[in-house]
Structure formats: structure tokens, C-alpha cells
Amino acid sequence: MSVPTRHEPATGARGRVGASLPDFPWDSLAGAKARALAHPDGIVDLSVGTPVDPTPAVVADALRSAADAPGYPQTHGTAPLREAVAAWFARRRGVPGLDPDGVLPTVGSKELVAWLPFLLGLGAGDTVAHPAVAYPTYDVGARLARATPLGADTVEELQAAWDAGARIRLLWLNSPSNPTGAVRTVAELAALVAWAREHDVVVASDECYAELGWSKAHDTTAGGLVASVLDPRVCGNDHTGLLVAYSTSKQSNLAGYRAAFLAGDPVLVAELLEVRKHAGMIVPWPVQVALQAALSDDEHVAAQREVYRGRREVLRKALQGAGFRIDASEAGLYLWSTRDEPARTTVDLLADRGILVAPGDFYGPPGARHVRVALTATDERVARVGDRLADLA
């Protein structure tokens, strides 16, 4: 008896949502990872964006202070947490007056990305638009709801799809981008929001790398801002139809806490809250306390940004010295790099030198000649990359 694959459902499984999903991309890196692990000096794993530095004491202390938590927490989050999110938006993102009722903590941001189309009631016949080069979960979320994913980056592309009959009901934006690190301008965001409002499309903007801008124009320490869709310059101080997904995993080393939130239109948030209450999708009470502490302290975020800035500079010099071109990469935790060859060829080249990266084809066909190089390895590991690439210089 043969074992059914994901693309060949078992008897009785046809129609199950799992059968419609692609294979998990990182599983395809098993061979490259094995070769990188075999390097005499060990692997330098730059394939995933998982933090490796300690969780800040201010956050860990807050978590411990809330360890006695015998009762059920609030799905909507505590009032102090929601107020801390609103204050953070005003202080760090140039978004004054965010209604705390329009804030909802989530169990990390990935679950929100995956389930948002379903939670909004999308289904067969509906379309979820997302960036053409994008983190795979936008596509997966559409499929989980049995909607149709669509890669589109511009108003012109969206309008062409609409004119061709696509029933777009949700538009995902991602600035700064994962994987490319590209940052949308205020004008670009405003045009996309205007188009969405004209067509009654909900806009969900994934902005979880916003505190990690690398040019002076995007560096919050220099007074610049990575614009949010909730920025008055973008939305006219009207949050109707707009949602922002945000995570503290990267800026505060909290991936293990699953500490994230959604913010924006209070009417949409209220609808999502009702569904999440029924489904028991609740952020644990100690994590809510830790998230409030993380968002209320800017010092540890600035310190972590400088750690990543140092690693970024080491990797940038090593890659460019080895003949790589780095595109976009204006913000975030990645260097979007290419040798103008198929991504898997580059993955193998680096794996043979003990370095593991993610191929750009994980993120859609337009990424097929790039690799995503993460800044999330220790200083000691990152320092090895230059020597390992020396023969390519």
C-alpha cells in the first residue's frame, strides 16, 4: 500500500484543507543543512530569522512577576497592555490617537497571518492579494480559508486583477518586507490604501520589522520613520478598514514568548475578537504582561538594533567581497542577495562552505535568483563567514 503524499490525498481526504497546502519550504533544505553541518568548523545557520540573543531582563522580569496566573486571561488583552500598544504607536510609529479598543494581542504574528482570511469570513471565490515576493504564510492563509492567493505589488496590478474578475477582499502589505527588506514610501502606501477603500477591500499590513531600519531615512534613532498604514499621512487619520500586524519577536528577542498584536480599525478588531473568544485564541496572561513591558521600554530595542547593525555590516562586506549583489535590504533582519544564478545553486555553494541560507524561491517565482541571508546568528558565527567565502573573492 503506497503512502499518500500531500498532493495525493488518502481515500476520504479529498477536500481536506491540508491536501491543498504546499510542502513546508524549509524541509527542502535538509540536504544543504546536512552538508553545512559537516563543515569542520561547524555550521553558520543564516537560514531562519530566529533570535539568538538573550531575552531582555526587563521583559523576563515582567514575565516572572506574572507567573502566578490561575485564571483565564482576557482574549482582548488587559487595558494596560492595549494602552501600551497605543502609546508605542504614538511614540515610535508616528500614529497618534490609536483607539485601545482597536488592539488585540495575538499568539505570535504568524498565526494571525495564517488565520486572518478565515477569521474575516473569506472563502471559495474570494481572493487574498499579497506581495509577489512574500513570506509563504500569506499564500497559506488564503488556502486555509479556501480563498485564492494572488501576488500583486502595485495599484495597476491590483486593478488589472480586479478587472479580470478577481474578487479581492483582503490585501496584505509587508513593509519592511520579508524577505527583501524593501520599505514602502508614504506615497506608495497611501495609493494602495486609497485603492483598497475604493474597492471595499480590507488592508492588513505586516510591519513587524519596522524598528529595524538601516538607512538614515528609516532609522527611528535619527528621527525617521518606517511608515505605517495607520500613519495619518497614509490614511488621513482614519483607520477604517485598516489593520496592522506586529510582533516583538525580532526587536525584543521574544520569539519563544509568541508575543504579538493586531491594531487598527476598532470595528474590524471587534469582529475578530468575537471569533477568537469562541475559538479560545488567547495570549497567556504572563505573556501579556511581558509584552506590555517590552513595548514600554525603548532602550533594549535600540541596543538590539545595534547588535544587528554590527552583524549586518560584517555579512554585507563578506558577501559583496565574494561577488554577491545585495538588493533592497533597507530594513529588517535579512540581506536579499544574488550571484545572478539560480537560488538553489547559491544555496549549495554556500552549504559546501558550512553556511546555510534560504533560497529566494521560498518566497515566490520572482525570488528564484536570490537568497535570503539572516542576521540571526551569534557574533562568533557571523565572524566566520568572511573566511569561508574568501575563495570566491
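Just so you know, these numbers use all the heavy atoms, side chains as well, and skip hydrogens, waters and symmetry mates.
- Listed for the Q159 side chain is no donor-acceptor partner under 3.5 Å among the backbone atoms of E156.
- A 6.0 Å sphere centred on CH2 of W285 holds no more than 12 heavy atoms belonging to other residues, nucleotides or ligands.
- If you run side-chain contact (heavy atoms from CB on, under 4.5 Å) between R92 and each of V226, D298, V301, only D298 comes through.
- Note: W162 and H199 have perpendicular aromatic rings, judged against thresholds of 30 and 60 degrees for the angle between ring planes.
- Checked by atom type and distance alone, the side chain of S329 pairs as donor or acceptor with a backbone atom of D327 at under 3.5 Å.
- Closest heavy-atom contact between V357 and L350: CG2-CD1, 3.7 Å.
- Between the E157 side chain and the T154 main chain, a donor and an acceptor come within less than 3.5 Å of each other.
- The closest donor-acceptor contact from the side chain of T345 to the backbone of E341 lies at 3.5 Å or more, if one exists at all.
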Step by step, would you call Y209 with Y334 a ring pair (Phe, Tyr, Trp, His ring centres under 6.0 Å)? CA-CA 10 Å; Y209 295 94; Y334 312 103; 5.7 Å; yes
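- One N or O on the side chain of K250 and one on the backbone of G49 form a donor-acceptor pair closer than 3.5 Å.
- At least one side-chain heavy atom of L192 sits less than 4.5 Å from a side-chain heavy atom of L158.
- Between R388 and D41 there is a salt bridge, since a side-chain N of the basic residue sits under 4.0 Å from a carboxylate O of the acidic one.
- A 6.0 Å sphere centred on CG of D391 holds more than 12 heavy atoms belonging to other residues, nucleotides or ligands.
- The aromatic rings of F24 and W26 sit tilted relative to each other, their planes meeting at an angle between 30° and 60°.
- In this structure a side-chain-to-backbone donor-acceptor pair under 3.5 Å is present from H76 to V103.
- Using a 3.5 Å distance cut-off with no hydrogens or angles, the side chains of Y246 and Q251 do pair a donor with an acceptor.
- Taking the charged nitrogens against the carboxylate oxygens, D348 and R344 have no contact shorter than 4.0 Å, which rules out a salt bridge.
- Proximity of a side-chain donor or acceptor of D265 to a complementary backbone N or O of L242 within less than 3.5 Å is not detected.
- Two residues are said to be in side-chain contact when any heavy atoms from C-beta on lie closer than 4.5 Å; R93 and D231 fail this criterion.
- Proximity of a side-chain donor or acceptor of R369 to a complementary backbone N or O of D340 within less than 3.5 Å is detected.
- With hydrogens and angles ignored, the 3.5 Å screen pairs no side-chain donor or acceptor of S177 with any backbone N or O of S175.
- Summarising the local packing, CH2 of W195 is surrounded by more than 12 heavy atoms from other residues, nucleotides or ligands at distances under 6.0 Å.
- At least one donor-acceptor pair closer than 3.5 Å links the side chain of T248 to the backbone N or O of A259.
- Salt bridge annotation for R311-D379: present, with a cationic side-chain nitrogen under 4.0 angstrom from a carboxylate oxygen.
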